[in-house]
Amino acid sequence: MSSIAKPLALPHAEEQEDPREQLMHDPRSRGEMNDMVMESMHSTTWKYWTVTGILAVIVVVCLFYAWYYLIMQGLGVAGVNRPVYWGIFLVEVVFWIGISHAGTFISAILRVLKVEGRRPFTRAAELMTTFGLVQAGISVFLHMGRVWLSYWLIPFPNERGLWPDFHSPLMWDFMAISTYLLSSTMYLFLPLIPDMAMARDRSTGWRKAAYRILAIGFRGTEGEWKNLITAMNIFAFAIIPVMFSVHTIVSWDFAMASRPGWSSSVFGPYFVIGALHSGMAAVAIVLFLIRSTMKNMKYFLRPEHFDLLGKLMLMVSMAWAYFYFNDYIVSWYGGDKWEKIVQEFTEKGPLWYLWYAMLFFNIVVPFAVLWNKKWRQTPWLLAIVGLLINAGMWLERYIIIPETLTINRMPFTWRLYVPGVEIVLTIGNFAFFFLLYMLASRFLPLIPVWEVQEGHESHTLRKIGKASIPTLSDME
Amino acid sequence: MSQQISRRDFLKLAGVGAATTAVLTGCGPASRYVTRAPYIKMPEYTYNGLSTFYATTCRECSAGCGLVIRTMQGRAIKVEGNPDHPVNLGKTCARGQATLHGLYNPDRITDPIQRVARGSEGGTKMDWDAAIGIVADALSKNKPDEIAFLVGMAPDHLFDLVADLAKTIGAPAPVRYGALGMFEARTTLVKAAEETFGQTGLPFFDIGGADLVISFGANFLETWLSPVAQTREFSKMRRGQKNKRGYLVQFESRMSQTGAKADEWIPITPGTEAMVALAIGRLIVEARGLALPPAFANVDVNGVVEASGVTLDALNRVAGLFSLYDRPLVIPGGGALGLSNGLQTAEAALALNALAGNFGKDGGVFISPTNPLADQYHRPASGREMQDFIQRMVDGKIKVLFVHGVNPLFELPKKLGFGGATKYVPQIISFATFPDETAMEADYVFPDHHGLESWGYQKIATGSASSVLSGAQPVIVPFFNTKSTVDVLLAAAQKAGGALASAFPFKDEVEFMDSKLASLLNVDGFFSAPEINTFAAYFQQYGGWWKTTDNRIAPSSADVLNRSFKADAAQFDGQGDFFFVPFVSPILGEAGANKPWLQEVPDPTTTIMWNTWVEINPATADKLGIEDNDVVRVVSDYGEVEVSVYKYPAIRPDTIAMPFGQGHTAYGQFAQGRGANPADLFGPSVNEAGDLAFGSLKVRIEKTNKKRQLSRLEGVLGVYGFDSK
Amino acid sequence: MATDLQLPVFTNNSENELAGRWGMVIDQDICTGCQACVAACAMENNIPFVGEADAGYGRTMHWIRIERFWQGTFPEVKMTPYQPVLCQQCHKAPCEPVCPVFASVHSVSEDINLQVYNRCVGTRYCANNCPYQVRVFNWRDYTDARQRPELVTLQNQLNPDVTVRRRGVMEKCTFCIQRIRHVEDTAQSEGRDVRDGEVVPACAQACPADAIVFGRVDDPTSKVSKAAITSRGSHMLEELGTLPRVTYLAGGSAQ
Amino acid sequence: MSDLTMLLAVFEDIEPASGGIEKLRDLGVADDQMNVISGIPIKATILGRRSALTRVPAIAMTGAVLGMLLGLFLIYGTPFLFPLNVGGQPIYPVPQGIIITFEMTMLGLMGFAFIGMFVDSGFPSYTPKEYIPEISDGKIAILFRCPDNEQKKFIDALKKLGAESVELAEARQL
């Protein structure tokens with residue numbers, strides 16, 4: 001060939017993307033955005049109330065009544081037995097703590113790294129942390145044999161001067177989860193203050209009273225902003241190690257036990273990445289639901305955000321696969337008798353299909369879908385992938401907890417686990433999670449408007465040659 | 001009353017003599033008159049935190065182990081073995097431990113009742129005076145030969161009273177029966193001893209003294225004769241000898257708990273035990289190069305190999321063991337005797353013992369010591385005798401039937417027809433403690449105390465080298481409005497008046513016992529006493545009286561080997577594909593099903609709790625397409641039962657096995673409607689000794705499409721692999 | 001292989017508190033699997049029965065269970081020697097440090113694992129971490145006569161020396177600590193040492209084959225110490241380093 | 001000294017607001033006599049103001065130290081108060097100590113940062129304040145004090161710079 005250039009694509013085959021597809025380059029006035037967010041909070045249709053009502057009924061029946069039943073009857077109504085002393089309740093604990101990780105991850109890490117795409121959905125993600133931790137906490141209580149005495153884990157001496165035992169991984173867990181719940185709630189509240197002030201300024205009646213209390217008298221003076229931003233920065237940096245520690249310690253509940261299939265040094269990071277895996281996926285589901293059910297949200301939540309999420313999901317999925325393989329091959333190659341049996345049991349035992357389903361959902365599905373930008377930008381598709389990943393991660397926890405517990409060093413006791421009332425309570429847990437979201441969606445501004453406006457202020461388009469190039473100045 | 005002494009005073013008196021065992025407290029006759037005092041001056045046995053221990057006898061089976069019951073503040077807390085008692089030397093089995101669940105069973109009959117109609121629940125409550133009146137009428141208004149007594153297997157003071165009573169009024173002798181006796185095939189053993197030794201008595205196998213035990217179906221670790229004693233002796237045999245480990249070989253078609261402990265378990269076609277025993281004898285003789293005695297002359301070794309499924313190698317190996325070990329012992333028993341050729345098996349085994357030359361020697365065969373109160377062994381009724389008894393009922397020769405300590409409606413195979421025969425008996429009076437099937441069919445139930453609330457003694461049939469009379473005393477105040485049957489009968493005798501009243505001038509049970517015990521005054525034994533009150537006090541305190549010498553009787557072995565023994569193949573009823581091996585549940589025994597803790601104690605071989613199962617070889621099950629927990633119908637010519645399958649690796653492929661002990665239609669909430677009763681399949685045929693040939697059955701299996709999960713202690717995944725469900 | 005029962009001593013124990021180390025030897029060769037120990041244990045320690053469904057679902061409350069496996073297939077099938085499994089009273093018990101509320105602690109004076117019922121909140125971590133799977137959990141209110149009317153009469157049998165556990169509480173074999181304490185108190189009041197063989201837990205007391213020997217393992221002259229020193233002796237899952245206090249003597253023809 | 005009046009100048013955008021600040025400074029309003037109220041955080045340099053002082057980091061660090069001490073007490077102090085043996089583990093274990101101390105330190109740090117934010121800003125406060133709701137619509141307000149008699153001068157100057165309104169600041173219920 002004597003051509004001086006590679007063959008060219010047809011003209012306009014590669015259209016320039018319109019930068020206005022991006023939220024940051026499609027600015028609207030703050031007042032307009034405020035109105036949109038307020039409207040989304042105020043508009044409730046009969047569908048909303050129906051769904052909320054149904055969820056509330058489910059929560060009352062499947063969570064609170066079933067819990068009462070569980071407490072009165074004892075754990076016998078659940079499926080736990082010897083040797084599977086830990087069942088779905090602990091699966092739920094790990095699952096919800098995993099879900100709760102995404103909120104902080106998106107909010108804190110992306111804030112620290114100044115990823116601009118985070119701006120519109122940090123709030124929704126942070127809510128997920130808090131609501132997820134609520135479910136995790138409930139599941140811990142469900143799990144306990146004598147939940148009415150659970151306050152004995154709080155570090156204070158009893159009447160004989162006895163304190164809790166900090167040798168126990170459960171105590172570390174208790175300390176870590178408490179820390180995480182407290183700090184993530186505070187971290188949710190801090191960026192909410194200016195939005196509460198905004199809502200206070202534009203509402204009347206009971207909402208006004210409530211928002212006034214929640215806005216704690218915030219006006220937006222220099223000093224207030226400075227203190228707020230400083231505190232948020234401290235939180236953003238401090239909560240990341242706490243987040244890692246929480247799920248690491250959750251994994252240590254298992255890794256510290258001398259049980260085949262559990263005692264593994266890779267469990268810490270493996271659980272953290274697993275938490276992110278399910279958490280990211282859950283964010284995708286929640287964003288899709290918010291975008292498609294709430295008014296005005298299509299402006300704030302755009303394909304670009306799903307694209308960002310999709311990329312994160314793909315990345316985390318690959319990391320998860322790496323860690324899983326790491327865990328797998330070490331025990332596979334090590335050839336320890338008991339580890340081998342556990343592996344054989346998961347792969348060829350009576351529940352072999354769970355193992356294959358887990359691998360399919362957690363690795364194959366994201367790999368197959370998320371490479372494609374168009375697919376990544378399709379909210380409903382991403383939500384479905386998110387759903388499958390969450391199913392896969394739930395199965396992963398199921399395999400790690402009740403299924404692995406079937407195998408121990410006393411083969412005489414090996415016995416399968418058949419869930420009982422846990423199933424009902426799990427439904428209740430999920431319903432409660434969504435109910436909290438439903439209520440929050442009409443009470444809390446799900447979009448941090450001030451952050452979006454801050455983004456708008458710092459973004460400009462600049463013409464370079466024939467193309468409009470987005471630019472970003474650091475306002476913070 | 002002038003003789004009224006308080007319990008405390010009595011204990012002080014008794015304490016003087018009780019130097020050796022401080023924990024044992026004699027109850028003594030005085031405790032009959034204990035008066036309740038206000039707690040301001042509490043007697044010792046009501047102190048908080050202090051236990052009182054009472055020695056008594058276990059009534060859970062007829063072995064008669066000595067117990068010490070720990071009581072606290074009037075409640076029986078714990079069963080412990082009586083360390084002095086020669087039968088069990090302080091040990092107990094699971095059934096003995098669970099006695100308290102009988103005592104405090106929620107389903108006990110609380111009051112004397114008159115049934116509205118036979119088989120109906122409950123009935124009209126009566127007072128005891130009326131009850132005694134009815135018994136008195138029954139004794140005096142019927143012709144003596146129309147009065148029948150059916151009592152439990154243990155020869156206790158009640159049996160003595162009933163026997164005396166029957167003799168006095170001229171009624172037929174009381175009949176003793178128990179399902180355990182049927183499954184043990186006691187009659188066969190006794191008959192074999194009789195024919196072989198020419199002496200009557202229950203053979204005694206000195207397992208502890210032997211170093212090689214060859215057992216033909218004897219489940220001596222489970223329920224056979226005196227399991228606790230035999231377990232102790234087994235332990236002695238295995239590990240109790242210096243520098244030598246005892247060796248156990250078990251011939252049976254289904255691995256029993258005893259088989260599981262065997263060093264060699266040899267699966268054998270049911271019914272070929274006799275010929276195998278003789279073949280082994282012949283091989284021993286041939287190996288030693290001796291002249292073939294007539295005993296083993298008729299056996300064709302190759303034919304035996306073919307019929308029994310035991311290889312020639314195995315036979316040679318077992319024969320070789322006789323030279324390797326010093327004191328071989330051959331035990332026939334259990335299922336092997338409950339076949340049409342059971343007597344041959346027992347005799348062939350005794351012939352092997354004769355060949356080993358162990359008659360009357362350590363580790364050999366003896367005849368069990370006779371009881372201090374009896375001059376010869378009195379065995380319970382055999383299957384044939386029970387058939388005769390039922391025939392008498394059907395023929396209308398029995399007008400009133402007293403039943404105590406046995407539950408014939410459950411314990412007798414259905415086919416024998418006890419259930420149908422009751423309608424020919426106008427009046428049935430049951431003294432049952434529990435609402436068992438027979439008590440449901442009775443017109444009156446006059447509940448006896450539970451064993452731990454009653455006085456008594458029991459004549460020990462076997463299990464100890466010395467002659468034992470085991471003593472029982474109440475350890476607590478009767479829990480319900482029950483009355484000792486002996487007291488009822490004595491009171492009824494008084495009420496009936498006449499010869500009866502003058503023959504039994506006893507105020508109560510204890511006086512009657514004392515009258516019997518009087519013959520032991522000044523006799524040398526564990527203790528001796530010159531007068532009855534002291535004797536009785538010691539008797540209660542130590543839990544019985546026994547000799548300290550070896551009272552076993554050495555059988556004469558002169559011409560055993562010169563007899564000719566037959567060894568036919570057993571006859572099997574029915575056209576089924578499978579040999580049927582019923583066995584008594586080692587945990588439940590014949591009457592344990594109403595004790596919830598026994599129900600929850602796992603079976604030693606299958607670990608199943610709370611139900612009945614049928615054991616099938618896994619290969620057979622696979623061939624038939626049967627899985628674990630599938631409900632199958634087991635059908636014999638005489639009946640059928642539905643039962644869940646347990647794939648049992650240690651059973652012959654042509655054999656299935658089922659435990660006896662469940663399948664109650666009454667007997668309280670823990671037993672009723674639970675499991676199935678293999679005895680429903682039994683036919684009426686008996687062996688040459690008259691014992692029921694319960695194992696002479698061929699059955700077939702029909703699939704139902706039902707499943708019923710068996711409760712197992714074992715985790716199937718770990719024991720049988722990941723692909724088992 | 002000689003069995004070494006010289007266990008390391010806690011560094012933080014006051015010496016005079018160390019009253020004795022109790023241990024057990026179980027001879028699998030003579031254990032006949034008769035379950036007398038299981039029943040005796042249940043009767044002594046107020047262990048509730050759970051009913052058919054729960055029992056079949058791995059919720060039996062037995063503190064001691066008898067395990068057995070199969071080797072080979074018919075006709076060369078053999079049952080492995082019966083192995084009674086109870087709490088091994090590990091010197092370094094994995095169950096203890098994982099309890100968040102100190103419900104599972106080590107007794108200084110007896111050197112056994114204690115389970116403090118009224119401190120237990122029911123996380124069940126200890127049971128998970130027990131390599132021997134000998135901890136049992138009160139899945140339901142098995143002992144509550146209000147829920148189980150059949151217990152109204154049966155509860156007369158309860159041993160007042162042993163706590164009755166309610167739902168949500170973990171429990172396990174205690175080596176019949178109430179008996180140990182009783183004997184120790186008696187000995188103390190009589191001004192003497194506890195004699196060898198004076199303390200007998202319910203299982204050893206019932207065992208018809210005398211397969212269970214109990215006593216002080218820190219006394220080389222005791223029956224249990226002598227019984228443990230044989231080539232047949234081994235500890236269960238010794239490789240885990242839990243230093244169990246129960247020695248098993250192998251069954252079968254091993255000398 | 002003559003009486004001071006508090007005025008509130010509202011601007012549409014950052015640019016005129018920063019001009020207004022410049023102007024006010026020229027007119028002799030000291031930096032500590034004015035405050036900027038905005039709907040988004042604006043860097044001090046953009047407005048040409050000195051950065052506000054914050055005590056939040058100091059308070060947070062104090063919290064971290066206190067949290068660490070609490071953690072150390074929990075892991076090493078409580079066993080001293082009630083020593084119990086578990087599983088042959090040391091009474092005062094180092095690895096567990098790291099975990100508990102870390103968590104407590106972080107909790108102290110974040111808890112005190114949160115509290116510090118409240119304390120330093122005087123939150124929560126529900127007393128009437130000088131404020132207009134338009135601020136949360138993105139407007140920027142400058143709150144300053146000027147001498148009573150020079151009010152007019154200030155208003156005109158700011159209006160010229162593009163202030164939408166300059167009015168007497170009136171404390172109102174938020």
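These numbers come from the heavy atoms of this one structure, side chains and all, not from hydrogens, waters or symmetry mates. Below, chain A is the first sequence line, B the second, and so on; all start at residue 1. For clarity, every value in this text was computed on a predicted model and none was experimentally measured.
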| message | I'd like to know if the side chain of C/T153 pairs up with that of B/R108 as donor and acceptor (distance under 3.5 Å, no hydrogens or angles considered). | response | no
| Side-chain heavy atoms of C/H62 within contact of B/E600, under 4.5 Å | yes
| note | Honestly, the part of B/P602 sitting under 4.5 Å from a heavy atom of chain C is both
| query | What part of B/A262 gets closer than 4.5 Å to chain C, counting heavy atoms only: side chain, backbone, both or neither? | reply | backbone
| For the residue pair B/Y648 and B/Y646, does the interplanar ring angle fall in the parallel (under 30°), tilted (30 to 60°) or perpendicular (over 60°) class? | tilted
| Can C/T143 and C/R165 be counted as having a side-chain donor-acceptor contact under 3.5 angstrom? | no
| message | For the residue pair C/R148 and C/F49, would you count it as a cation-pi contact if the rule is NZ or CZ under 6.0 angstrom from the ring centre and within 45 degrees of the ring axis? | response | yes
| request: Sort B/E714 into side chain, backbone, both or neither according to what part of it lies under 4.5 angstrom from a heavy atom of chain C. | output: side chain
| query | Among C/V50, C/N46, C/D210, C/L158, who wins on heavy-atom pairs under 4.5 Å with chain B? | reply | C/V50
| field | C/Q188 CD: over 12 foreign heavy atoms closer than 6.0 Å | value | no
| task | Return the option, out of C/Q35, C/Q155, C/M79, C/E150, with the maximum number of heavy-atom pairs under 4.5 Å with chain B. | result | C/Q35
| remark: Comparing B/Q257, B/R95, B/Q230 against chain C, the one with the most heavy-atom pairs below 4.5 Å turns out to be B/Q257
| Heavy-atom pair count under 4.5 Å with chain B, highest-scoring of C/I66, C/N159, C/T32 | C/T32
| field | chain C contact via B/A76 - which portion, at a heavy-atom distance below 4.5 Å | value | backbone
| said: Please determine whether salt bridge (Lys or Arg N to Asp or Glu O under 4.0 Å) holds for the pair C/E76 and C/K78, giving the CA-CA distance in whole Å, both sets of side-chain angles, and the decisive distance to 0.1 Å. | reply: CA-CA 7 Å; C/E76 263 76 51; C/K78 267 201 93 68; over 6 Å; no
| said: Can you tell me which portion of C/Q133 sits under 4.5 Å from chain B's heavy atoms? Options are side chain, backbone, both or neither. | reply: neither
| message | For C/R192, is the CZ atom crowded, meaning more than 12 foreign heavy atoms sit under 6.0 Å from it? | response | yes
| request: Using non-hydrogen atoms and a 4.5 Å limit, figure out which bit of B/N105 sits close to chain C: side chain, backbone, both or neither. | output: backbone
| When C/A39, C/A40, C/A42 are compared by non-hydrogen pairs under 4.5 Å with chain B, the top option | C/A40
| Under 4.5 Å between any side-chain heavy atoms of C/V134 and C/R65, yes or no? | yes
| said: Looking at chain B, which one of C/L249, C/T80, C/V77 has the largest number of heavy-atom pairs inside 4.5 Å, strictly under? | reply: C/V77
| query | Checking B/T607 side chain against B/R712 main chain: does a donor-acceptor pair fall under 3.5 Å? | reply | no
| query | Taking the six-membered ring where the residue is Trp, are the ring centres of B/F670 and B/W597 under 6.0 Å apart? | reply | no
| Which of B/R232, B/R70, B/M237 touches chain C most, by non-hydrogen pairs under 4.5 Å | B/R70
| Which atoms of C/T73 come close to chain B, meaning under 4.5 Å heavy atom to heavy atom: side chain ones, backbone ones, both, or neither? | neither
| query | Side chain, backbone, both or neither: which part of B/D603 has a heavy atom under 4.5 Å from chain C? | reply | backbone
| query | What part of B/I651 lies closer than 4.5 angstrom to a heavy atom of chain C: side chain, backbone, both or neither? | reply | backbone
| message | Which atoms of B/T605 are under 4.5 Å from chain C, going by heavy atoms: the side chain, the backbone, both sets, or neither? | response | both
| query | Do you know which of C/P160, C/P75, C/A211 has the most heavy-atom pairs under 4.5 Å to chain B? | reply | C/P160
| Going by heavy atoms in the side chains, are B/I476 and B/Y104 under 4.5 Å from each other? | yes
| said: Heavy-atom cut-off 4.5 Å, strictly under: side chain, backbone, both or neither for B/P267 against chain C? | reply: side chain
| remark: Honestly, the part of B/Y720 sitting under 4.5 Å from a heavy atom of chain C is side chain
| query | Is B/K595 positioned over the aromatic face of B/F434, cation under 6.0 angstrom from the ring centre and no more than 45 degrees off axis? | reply | yes
| said: For the residue pair B/Q662 / B/W610, report whether a side-chain donor-acceptor contact shorter than 3.5 Å exists. | reply: no
| message | Taking side chain as everything from C-beta outward and backbone as N, CA, C, O, which of these in C/P149 sits under 4.5 Å from a heavy atom of chain B? Side chain, backbone, both or neither. | response | neither
| task | Using non-hydrogen atoms and a 4.5 Å limit, figure out which bit of C/D54 sits close to chain B: side chain, backbone, both or neither. | result | neither
| At a heavy-atom separation under 4.5 Å, does C/L151 approach chain B through its side chain, its backbone, both, or neither? | neither
